[in-house]
Number of protein chains: 4
Amino acid sequence: MYDADDATNPVAAPQALTSASKEKLRQFVARIETLETEKTELAEQLKEVYGEAKSLGFDTKALRAVIRLRKQDANDRAEAEMMLDLYLEAVGEI
Amino acid sequence: MYDADDATNPVAAPQALTSASKEKLRQFVARIETLETEKTELAEQLKEVYGEAKSLGFDTKALRAVIRLRKQDANDRAEAEMMLDLYLEAVGEI
Amino acid sequence: MYDADDATNPVAAPQALTSASKEKLRQFVARIETLETEKTELAEQLKEVYGEAKSLGFDTKALRAVIRLRKQDANDRAEAEMMLDLYLEAVGEI
Amino acid sequence: MYDADDATNPVAAPQALTSASKEKLRQFVARIETLETEKTELAEQLKEVYGEAKSLGFDTKALRAVIRLRKQDANDRAEAEMMLDLYLEAVGEI
DNA sequence: CCGAAACGGTCATAAC
DNA sequence: GTTATGACCGTTTCGG
């Protein structure tokens, strides 16, 4: 079902990559790993903030609910915007 | 944005929150939302990088596999390092 | 790291299952597959309904938007309920 | 793509929707929501079955693997069947 | 066909 | 520790 060049096996047939391609690939890997590292750090900082709030006596469950509610409000507004666009498009305004 | 009687404020017994507490709470919400915004932006940048790689003809599935394997290798190496430290400590080398 | 009984290898060591366990397992598999079959059938029926609407000249994009909006409204109401419960609990009403 | 005056497009320009179209639209929404409700219920029942299996000591990860493998086998058999039919037809046996 | 968006599954984390 | 909740990833599907 799979042959040697199967994309799920990135090790296969490395000779098919030119030097330039290999260099480009290395750069992509580096960029991705940098971004992922930063994302992981942000996740850790978020945990710290919640921990700090908890240590000061705030109810993290309620705090998370506030964050969730505000995010959902933003989503609702975006959804309303989409519906408006859809409607305008339907009546030929776009 | 929220006052003490605001029913949308789920934090316990609003009247029990001092002005200082309310201000602190607002700061926590702001910090959390800032961090989450940055995290979302990083996620979008990651999508863009993968998109750029794809547009240059790279197989993103393979690329993701590479990233995954390298992360796992890093974990494995960290784990091996921990085991080594543990053993060294056990034999009094640390 | 993995031994023969490792849970990630469900084929390993079948002799570890008693007859009763094996029978119970077969029943679970049967129940799950029945439910998944029904779920797949519902998905197909949904596709048919959208197709029928489209064939009658309805804009499926708008139709999907309506469905999504109504679902989100329901979610919003559920979320508001949760916030109310959280608030009531906070002020000691529960 | 859509002409605002196109009477055959029930979505465009809501005022252009006849009573019959509106009623039809309501029926589509109702049918879709019913099907989605049933689909959600099946998903919940599946969760319950896995939970019950887990409570009886079965490894749900292994159980899921069994389900996945059996589904794949079914797909493979169906595919083989299709190939066989194709070949039989090609040699005039059907 | 491609790109985007919905879906389901899996995993990590948090509440109980 | 166990269930419940949410994030993430991969897959599929739909519209262009």
Side-chain angles (χ1 to χ4, degrees), chain A residues 7-8 32 35-36 39-40 42-44 46-48 50-51 53-54 59-65 67-69 71-72 75 78-79 82 86 89 94, chain B residues 32 35-36 39-40 42-44 46-48 50-55 57 59-65 67-68 71-72 75, chain C residues 7-8 32 35-36 39-40 42-44 46-51 53-54 58-65 67-69 71-72 75 78-79 82 85-86 89, chain D residues 1-2 11 32 35-36 39-40 42-48 50-57 59-68 71-72 75:
Chain A
T8 62
I32 290 168
L35 289 171
E36 292 203 337
K39 196 149 73 87
T40 301
L42 283 174
E44 287 163 358
L46 271 168
K47 274 192 61 176
E48 288 171 18
Y50 277 109
K54 188 191 185 92
D59 180 348
T60 59
K61 185 177 175 182
L63 182 52
R64 286 178 191 276
I67 298 292
R68 185 166 10 104
L69 191 67
K71 191 188 298 181
Q72 202 172 68
N75 289 342
E79 179 76 9
M82 283 182 56
L86 193 58
E89 183 183 353
I94 296 181
Chain B
I32 289 168
L35 290 171
E36 293 202 339
K39 197 149 72 89
T40 301
L42 283 175
E44 287 164 357
L46 273 168
K47 269 194 65 177
E48 288 172 18
Y50 277 110
E52 183 182 339
K54 178 172 189 159
S55 74
D59 181 334
T60 58
K61 190 172 176 180
L63 183 50
R64 285 179 193 275
I67 298 294
R68 202 183 319 126
K71 192 189 296 180
Q72 189 56 48
N75 290 341
Chain C
T8 62
I32 290 167
L35 290 171
E36 292 203 337
K39 197 148 70 89
T40 301
L42 284 175
E44 286 163 358
L46 271 168
K47 275 192 62 175
E48 288 171 18
V49 172
Y50 278 109
K54 188 190 184 96
F58 290 96
D59 179 347
T60 58
K61 185 177 175 183
L63 183 51
R64 285 177 192 276
I67 297 293
R68 184 165 11 104
L69 192 68
K71 192 188 296 180
Q72 203 172 67
N75 289 341
E79 178 77 8
M82 282 183 56
D85 288 347
L86 193 56
E89 182 183 354
Chain D
M1 191 165 190
Y2 294 111
V11 173
I32 289 168
L35 290 171
E36 291 201 339
K39 196 149 72 90
T40 301
L42 283 175
E44 287 164 357
Q45 289 174 32
L46 272 167
K47 269 195 64 177
E48 288 171 19
Y50 278 109
E52 182 183 339
K54 179 173 188 159
S55 73
L56 290 182
D59 181 334
T60 58
K61 190 172 176 180
L63 182 51
R64 286 178 191 275
V66 170
I67 298 293
R68 202 183 318 127
K71 192 188 296 180
Q72 189 56 48
N75 291 341

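In what follows, chains are A, B, ... by sequence order, proteins preceding strands, each numbered from 1.
A:K54 contributes atom NZ, which lies 4.5 Å from atom OG1 of A:T60 (distance to the nearest 0.5 angstrom). Taking CG of D:L63 as the reference point, atom CZ of D:R68 lies at 10.5 Å (rounded to 0.5 Å). With rounding to the nearest 0.5 angstrom, the NZ atom of C:K61 is 7.0 Å from the CE atom of A:M82. In this structure, the separation between NZ on C:K39 and OG1 on D:T40 is 9.5 Å, given to the nearest 0.5 Å. Between atom CD of residue B:E48 and atom CG of residue B:L42 there is a gap of 11.0 Å, rounded to the nearest 0.5 Å.
As rounded to whole Å, 17 Å separates atom C1' of E:dA6 from atom CG of C:L42. Here F:dC14 presents its C1' atom at 13 Å from CG of C:D59, a figure rounded to the nearest Å. In this structure, A:Y50 places its OH atom 13 Å from C1' of F:dA7, rounding to the nearest Å. Put simply, CG on A:N75 is 11 Å from P on F:dA7, counting in whole angstrom units. Rounded to whole angstrom, the span from the CD atom of B:E52 across to the P atom of E:dG3 amounts to 14 Å. Whole-Å rounding puts the C:L69 CG to E:dA5 P distance at 17 Å. A straight line from CD of C:E44 to P of E:dC7 spans 16 Å, rounded to a whole angstrom.
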Dot-bracket encoding per residue of DNA chain E, Watson-Crick/G-U cut-off under 3.5 Å, | denoting interstrand:
||||||||||||||||

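Closest-nucleotide positions on DNA chain F for D:S55 and C:M82 were compared, and the one nearer the 5' end corresponds to D:S55.
With sequence neighbours excluded, the residues forming a side chain to side chain contact (heavy atoms under 4.5 Å, CB included) with A:E36 are A:I32, B:L46, B:I67, B:K71, listed by chain and number.
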Under 4.0 Å protein heavy-atom contacts per nucleotide of nucleotides 8-16 of chain E, with B for base, S for backbone only and - for none
S-S---SSS

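In terms of heavy atoms, C:L86 sits closest to A:A62 at CD2-CA, 3.7 Å.
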